[in-house]
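Taking it in order: structure first as structure tokens, then the write-up.
Just so it is clear, the model here is predicted, and its values are computed rather than measured. Residue numbering restarts at 1 for every chain, and letters A, B, ... go by the order of the sequence lines.
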There are 2 protein chains.
Amino acid sequence: MSSSNDHHPITSKYMWLAGLLKQQIEAEIWQPREAIPSERQLEVKYKVSRPTIRQAIDYLERSGLVYREHGRGTFVSPQKLQKGMQELTSFSEDLIRRGIKPGQIIRSISRVVPTENILRRLEMEPGTTVLQIERIRLGDNTPIGLQTSFVVLEEGQEITKEDLEKSGSLYAILQEKFNIIPTEADETLEVTLATPEEAILLHIKTDAPLLLNERLTYNQNRKPVEFVKILYRGDRYRYITRLSR
Amino acid sequence: MSSSNDHHPITSKYMWLAGLLKQQIEAEIWQPREAIPSERQLEVKYKVSRPTIRQAIDYLERSGLVYREHGRGTFVSPQKLQKGMQELTSFSEDLIRRGIKPGQIIRSISRVVPTENILRRLEMEPGTTVLQIERIRLGDNTPIGLQTSFVVLEEGQEITKEDLEKSGSLYAILQEKFNIIPTEADETLEVTLATPEEAILLHIKTDAPLLLNERLTYNQNRKPVEFVKILYRGDRYRYITRLSR
DNA sequence: TAATAGAACTGGTATTAACCAGTACTAACA
DNA sequence: TGTTAGTACTGGTTAATACCAGTTCTATTA
């Protein structure tokens with residue numbers, strides 16, 4: 001099971017075509033709002049049938065790289081570089097994207113029986129254990145957040161401190177070690193004030209305002225994967241997301 | 001082929017099928033995680049070709065109503081009622097969904113020349129005017145947010161105080177009066193502290209923590225439609241969203 | 001000259017037909 | 001008895017073909 005391609009594994013002809021077109025769009029062969037070749041033209045050029053062409057363009061449209069106008073053509077979306085911002089991201093992917101160097105201090109990592117509330121949210125049987133990970137998140141080497149994760153793992157599936165220190169990204173480990181792929185998440189954000197303990201860890205004053213981010217993550221089949229609580233320093237973090245309908 | 005369906009106008013056979021399946025799913029004909037009939041079975045039952053069946057199921061899958069497993073079948077997603085939470089919503093749609101009665105006090109509505117910063121974000125020519133709307137947002141009749149909207153409107157396109165008071169939703173007015181449909185938005189959330197003026201309007205103390213939500217909304221073709229700033233009372237509002245990749 | 005009909009493009013929908021690729025169960029085999 | 005190979009399901013991919021439905025421009029017409 002070799003990789004050889006990260007974003008668009010060539011598993012099918014339409015994915016190969018989509019990757020090819022994506023490359024050209026990113027190389028700015030066409031300007032934003034400029035039309036790409038019509039489906040009939042692509043059909044001739046790449047010698048594939050129109051259904052396949054349309055499948056490839058469907059994919060690009062869903063990814064937000066192009067938009068279609070009936071009777072006019074298919075056009076390159078403006079806003080280069082912002083691609084994928086709507087994607088479900090991990091903390092480290094998120095910071096890298098903004099040009100900030102991510103870092104972390106792992107405070108603890110152990111199997112625990114979570115509170116009833118968390119157990120219910122993770123849709124688990126009473127008495128089951130989850131992996132709890134407590135981390136201090138750094139941005140350019142200064143603390144910006146306190147994170148506590150509760151990860152649903154079978155008996156025998158374990159993640160070590162070394163795994164986390166090497167990769168930095170929990171999502172990358174889940175995918176590589178256990179083939180668990182987070183695909184959807186419900187998030188809430190609200191304002192809270194720092195407790196004395198939190199204040200010390202984040203190098204701020206007690207009662208300083210914090211951004212509390214709670215996230216429940218699901219895999220492909222809507223099974224809960226992880227519940228996370230992150231307390232961000234109000235003065236050093238801004239949450240960014242993209243919505244669509 | 002009667003209507004009886006509001007969200008999915010019957011414009012095509014696959015949409016008709018999708019609506020039909022959606023009704024059955026919502027009527028809980030099949031339990032969550034239970035398989036719906038296979039594509040070949042549906043082909044016979046509804047007398048449509050498999051590509052059409054697949055188009056309908058593609059739509060349902062994107063909507064999050066079902067998920068597919070290669071070699072096993074297509075299954076009903078759990079979590080009824082949460083459908084559409086990932087959608088781009090207006091403030092009022094948002095509150096209704098949570099069972100809170102939305103309300104508003106319109107403080108001002110007028111054409112203004114916005115600041116350079118906002119002009120740039122809305123991708124407009126210098127000197128152009130936008131419609132500025134200042135509102136106090138209410139939840140169950142108490143203030144929970146201060147909202148300032150900057151809406152891109154052509155000369156002649158106007159929205160009156162009466163329009164807003166009647167409908168309550170800016171998005172509904174944009175769609176009905178001018179056929180402008182917001183489809184995507186970039187949002188940021190951060191913590192700020194209340195200025196004396198903001199404190200008075202929101203019935204809180206100066207320097208109380210607030211949740212600042214900025215949103216830039218785009219239409220189908222990625223043209224900016226609206227820039228909004230909303231200051232929420234930290235003690236009365238929790239932001240909810242859904243992410244997916 | 002201005003309005004209009006139509007041709008020639010664009011993407012959208014639908015059908016037919018094969019075959020590939022996972023999954024799960026069963027019957028034959030060692 | 002336990003393993004294995006087969007088979008009959010599932011969804012996934014690709015093709016060839018036809019026609020529908022918007023958009024744009026041009027050449028004809030009044």
Side-chain angles (χ1 to χ4, degrees), chain A residues 1-2 5 8-21 25 30 33-77 179 181 183 219-222, chain B residues 1 8-21 25 30 33-77 179 181 183 219-222:
Chain A
M1 212 180 282
S2 73
N5 191 311
H8 305 287
I10 302 164
T11 53
S12 54
K13 198 177 276 191
Y14 82 85
M15 267 306 195
W16 160 80
L17 218 190
L20 222 113
L21 291 172
I25 289 168
W30 307 290
R33 301 207 181 285
E34 189 182 331
I36 69 172
S38 77
E39 295 177 358
R40 268 87 172 183
Q41 287 168 4
L42 291 171
E43 198 175 354
V44 175
K45 183 168 182 183
Y46 293 109
K47 297 189 172 53
V48 291
S49 66
R50 193 151 87 101
T52 306
I53 302 270
R54 283 184 62 77
Q55 245 182 315
I57 297 180
D58 280 350
Y59 174 80
L60 295 178
E61 190 184 24
R62 275 199 301 277
S63 312
L65 261 78
V66 301
Y67 60 92
R68 297 202 256 216
E69 288 189 29
H70 189 170
R72 302 222 313 127
T74 302
F75 306 88
V76 175
S77 295
N179 198 30
I181 303 169
T183 52
N219 73 1
Q220 310 92 300
N221 304 344
R222 295 281 183 90
Chain B
M1 217 179 278
H8 308 291
I10 300 159
T11 53
S12 55
K13 198 178 275 192
Y14 82 86
M15 268 306 194
W16 160 78
L17 218 190
L20 221 112
L21 290 172
I25 289 168
W30 307 290
R33 301 208 182 284
E34 188 183 332
I36 69 171
S38 77
E39 296 176 357
R40 268 89 172 179
Q41 287 169 3
L42 291 171
E43 199 175 353
V44 175
K45 182 167 184 185
Y46 294 108
K47 297 189 172 53
V48 290
S49 66
R50 193 152 86 100
T52 305
I53 302 271
R54 283 184 62 77
Q55 246 181 313
I57 297 180
D58 280 350
Y59 174 80
L60 295 178
E61 190 183 24
R62 276 200 300 277
S63 311
L65 261 78
V66 301
Y67 60 93
R68 298 202 254 216
E69 287 189 31
H70 191 169
R72 300 223 311 129
T74 301
F75 306 87
V76 175
S77 296
N179 198 31
I181 304 169
T183 52
N219 73 0
Q220 309 94 302
N221 303 344
R222 294 283 182 91

I need the CG-P distance between B:Asp58 and D:dG11, as an integer number of Å.
12 Å
Using whole Å, report how far CZ of A:Phe75 lies from C1' of C:dG11.
10 Å
Taking atom P of D:dT10 as reference, at what distance in whole Å does atom CD of B:Glu43 sit?
11 Å
Taking the nucleotide of DNA chain C with the nearest heavy atom to each, does A:Arg50 or B:Val48 sit closer to the 5' end?
A:Arg50
Mind checking A:Gln41 for me? I need base, sugar-phosphate or nothing, with any heavy atom below 4.0 Å counting as a touch.
sugar-phosphate
At under 4.0 Å, does any side-chain N or O of B:Lys13 touch on OP1 or OP2 of C:dT15?
yes
Atom CZ of A:Arg54 and atom C1' of D:dA16 are separated, to the nearest Å, by 15 Å
Check this one for me: any side-chain N or O of B:Thr52 less than 4.0 Å away from OP1 or OP2 of C:dT15?
yes
Can you give me the N/O atom pairs linking the protein to nucleotides 24-26 of chain C at distances under 3.5 Å, or say none if there are none?
unit_1 : atom_1 : unit_2  : atom_2 : d
C:dA24 : OP1    : B:Arg72 : NH1    : 3.1

Atom CD of B:Glu39 to atom C1' of C:dT16: distance rounded to whole Å?
16 Å
Using only modelled atom types and a 3.5 angstrom limit, is any donor from either the side chain of A:Arg68 or the base of D:dG22 paired with an acceptor on the other?
no
Quickly work out the B:Met15 CE to C:dA14 P distance and round it to whole Å.
10 Å
Between B:Glu69 and B:Pro51, which is nearer to the 5' end of DNA chain D once each is assigned its nearest nucleotide?
B:Glu69
Pairing residues for B:Arg33 by the salt bridge (Lys or Arg N to Asp or Glu O under 4.0 Å) criterion, not counting sequence neighbours:
none
Just to verify, what does B:Glu61 make a salt bridge (Lys or Arg N to Asp or Glu O under 4.0 Å) with, not counting sequence neighbours?
B:Arg68
Separation of C:dT13 atom P from B:Trp16 atom CH2, nearest Å, is 16 Å
With sequence neighbours excluded, residues passing salt bridge (Lys or Arg N to Asp or Glu O under 4.0 Å) with B:Arg50
B:Glu39
Taking salt bridge (Lys or Arg N to Asp or Glu O under 4.0 Å) as the test, write out the residues that go with A:Glu69, two or more places apart.
A:Arg72
Grab the two heavy atoms, one from A:Ala56 and one from A:Tyr14, that are nearest each other, plus how far apart they are.
CB-O, 3.4 Å
Residue whose nearest DNA chain D nucleotide is more 5′ - A:Tyr14 or A:His70
A:Tyr14
Listed by chain and number, what are the ring pair (Phe, Tyr, Trp, His ring centres under 6.0 Å) partners of A:Phe75, not counting sequence neighbours?
A:Tyr67
Given atom CG of B:Leu17 and atom C1' of C:dA14, what is their separation to the nearest angstrom?
12 Å
Side-chain N or O of B:Ser49 versus OP1/OP2 of C:dA14: is the shortest distance under 4.0 Å?
no
Tell me whether B:Thr52 contacts the main-chain N or O of B:Val48 through its side chain, where contact means a donor paired with an acceptor under 3.5 Å.
no
